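Owing to the predicted nature of the structure, the values given are computational and were not obtained by experimental measurement. Sequence lines set the chain letters: A, B, ... in the order given, protein chains first and strands last, and positions in each chain run from 1.
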Number of protein chains: 2
Amino acid sequence: MSNPQLTPVSYVVLGMVAEGATTSYDMKQKASRSVGYFWNFPHSQLYAEPAHLVELGLLDEEREAEGRRRRVYSLTPAGRTALADWLREPTSEQPQIRDTGLLKLFFGDGMSADEIAALARAQEETHRARLAVYETIADSVTSPNHAAVVRAGLLHERTFTEFWREVAATPP
Amino acid sequence: MSNPQLTPVSYVVLGMVAEGATTSYDMKQKASRSVGYFWNFPHSQLYAEPAHLVELGLLDEEREAEGRRRRVYSLTPAGRTALADWLREPTSEQPQIRDTGLLKLFFGDGMSADEIAALARAQEETHRARLAVYETIADSVTSPNHAAVVRAGLLHERTFTEFWREVAATPP
DNA sequence: CCTATCATGTAATCCGTTACATGATTAT
DNA sequence: ATAATCATGTAACGGATTACATGATAGG
C-alpha cells in the first residue's frame, strides 16, 4: 500500500537512511555526490522531510546529548516496508527532462543561426562537464545499482553532448 | 534584463502565444502534442499563468463577446522583448532528469535480481512507447527548431530503451 | 431533446525554493 | 583569540498540483 503523502524526496530520504545516512547533513553530503546529480533539491528539504517521516512513523529520531545535538534518524519497520513497497510497485509517472536549453531551442524561431549555435555550444559544454564528473565518480562507486545509474548518466550525457555538437555545427 | 518572477512555464506560455496560440485551451492542445512531452504541467497553469503575464504587461487579454467568452491573449511589445531576451541569455540551471525508475534502481539494494529485471522491462516499455510517439510526430513537425527537439527526444529515448534493455538482460 | 464530453475556469493545499539566522568547529 | 567556514536549522513565500465546478457544444 503506497502512501500518497510521500513524494520522491521522501523516498530519497528513506533510501539514504537505509544506506546508512543518519543525520540531515550526512544525507546532504551523500546526495551532493550521487543522487543529487539527477534529482536535485535544496538542503532545507533534508531537514524538513525527515521530520515529516518521523510524524508518519517511518523514521525514528534521536537527539544527541552533547555538542551539536544533532537529530539522528533511523528506519522504523514501517519505514523499511514503505521503501520496499515503493521499490516493487510499478512506476506510473513518465520520466521528465527539465532542460531549459531544449526549451529555448524549441521556441527559438526568433533566434538567428549564430545565436542558436551559441546556445548549442554552451549546452554542449554543460553536458561535457557533467560527463566528466560522471567519468570521475564511476570508478569510486561500489554498489552495482549506483554504478548502473552512473552508467545511465554517462550514456545520457554522451547523447546530449553529441546532440548539441551537431546543432552547433548545423543550426536547424 | 530578465525578470525573476518569470518561470519556465511563463516562457512556455509566451512562446506558444508567439507561435500563434491565442487561448488557454489552445495552448493546452498545442502543449499536449509538443512541449508537454519534455516539460509537463497541469492545464490549470495555462489558465493561471497568462493572467499573471497580463498583470506584468507581457500579454494583452481580450474577452470574446459571444459564446464561451474566452480570454484571447496576444503578445505585447514588452512580452515579445522578454521572450527574445530569455532566448539569448545564457542558461545557468543544470538540466535535470526526473526519472522515478532510475531512483528506484539507485536505491534498489533491497530488490532481487528478478525484481530489478521487472522494473527494467517496465521502464524499457515506457521509453519504447514514448519513442514510438516521437517517431510518429517527427514527420508532422514543420518548424526546424521543433524538429531538432524531437530529434533530441528520439536520441534520448533510444538511449534509455537500450539502457533498460541491458539492465533487464543482466541485472547489476 | 438529452446526454456525454469538451472547454474553461477557480480554490485549496502543499511542496519546494529562497532567504535568513546562528551555533559549533577548524585554521591561523 | 579571532576569523572563517562548516553545520544545522527555521520562516516565508510562491508555484505547482489536485480537486472541484459548471457552462458550451456535439452526437445520438
Side-chain angles (χ1 to χ4, degrees), chain A residues 2-14 16-17 21-33 35-36 38-56 59 61-73 92-94 96 98 100 103, chain B residues 2-14 16 21-33 35-36 38-56 58-59 61-73 92-94 96 98 100 103:
Chain A
S2 80
N3 193 324
Q5 303 172 79
L6 298 185
T7 68
V9 172
S10 308
Y11 292 107
V12 169
V13 168
L14 290 176
M16 288 197 293
V17 173
T22 58
T23 69
S24 293
Y25 189 70
D26 208 3
M27 299 178 211
K28 175 181 151 186
Q29 294 294 88
K30 188 188 270 273
S32 76
R33 279 173 283 100
V35 63
F38 66 98
W39 204 298
N40 201 20
F41 44 82
H43 78 273
S44 62
Q45 271 190 279
L46 293 177
Y47 290 89
E49 187 59 26
H52 183 212
L53 296 173
V54 168
E55 267 183 40
L56 295 175
L59 289 182
E61 173 187 323
E62 283 183 52
R63 204 72 189 267
E64 288 180 342
E66 305 288 322
R68 292 189 183 276
R69 294 190 39 71
R70 283 176 283 215
R71 296 165 207 272
V72 178
Y73 298 102
S92 52
E93 323 93 86
Q94 279 286 336
Q96 297 281 321
R98 296 263 155 149
T100 309
L103 216 47
Chain B
S2 82
N3 194 325
Q5 302 172 78
L6 297 185
T7 68
V9 172
S10 308
Y11 293 108
V12 169
V13 168
L14 290 176
M16 287 196 294
T22 58
T23 70
S24 293
Y25 188 72
D26 207 2
M27 300 179 211
K28 175 180 152 189
Q29 293 295 87
K30 186 188 273 270
S32 76
R33 278 172 285 99
V35 63
F38 66 99
W39 204 298
N40 201 20
F41 44 83
H43 79 272
S44 62
Q45 272 190 279
L46 293 177
Y47 289 89
E49 187 58 28
H52 183 212
L53 296 173
V54 168
E55 266 182 41
L56 295 175
L58 304 180
L59 289 182
E61 174 187 324
E62 281 183 52
R63 203 73 190 265
E64 288 179 344
E66 303 290 321
R68 292 189 182 276
R69 295 192 37 73
R70 283 176 283 216
R71 296 166 208 271
V72 178
Y73 298 103
S92 52
E93 324 92 87
Q94 280 284 339
Q96 298 280 324
R98 298 264 154 150
T100 307
L103 216 48

Check the distance between [N]'s [atom2] and [X]'s [atom1] and give it to me in whole angstrom.
X	N	atom1	atom2	answer
B:L6	D:dA16	CG	P	11 Å
A:Q5	C:dC14	CD	P	9 Å
A:L53	C:dC15	CG	C1'	13 Å
A:L46	D:dC6	CG	C1'	16 Å
B:E55	D:dG15	CD	P	11 Å
A:Y11	C:dC15	OH	P	13 Å
B:E93	C:dG16	CD	C1'	15 Å
A:E49	C:dT17	CD	C1'	15 Å

Which pair of non-hydrogen atoms, one from [X] and one from [Y], has the smallest distance, and what is that distance?
X	Y	value
B:R98	A:W39	NH1-NE1, 3.1 Å
B:M27	B:Y73	CE-CD1, 4.0 Å
A:P50	A:V13	CG-CG1, 4.2 Å
B:Q5	B:S10	O-OG, 4.5 Å

Value rounded to 0.5 Å, distance of CG in A:L59 from CD in A:E49: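 Interatomic distance, A:L59 CG to A:E49 CD, rounded to 0.5 Å: 9.0 Å.
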Check the interface with nucleotides 9-12 of chain C: list each N/O to N/O pair with the protein under 3.5 Å, or write none.
from, atom 1, to, atom 2, distance (Å)
C:dG9, OP1, B:R71, NE, 3.2
C:dG9, O6, B:H43, NE2, 3.3

Side-chain (B:S24) to main-chain (B:L46) donor-acceptor, under 3.5 angstrom: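 It does hold such a pair.
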To the side chain of A:Q45, which of C:dG16, C:dT8, D:dT8 is closest?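 The nucleotide sitting nearest to the side chain is C:dG16.
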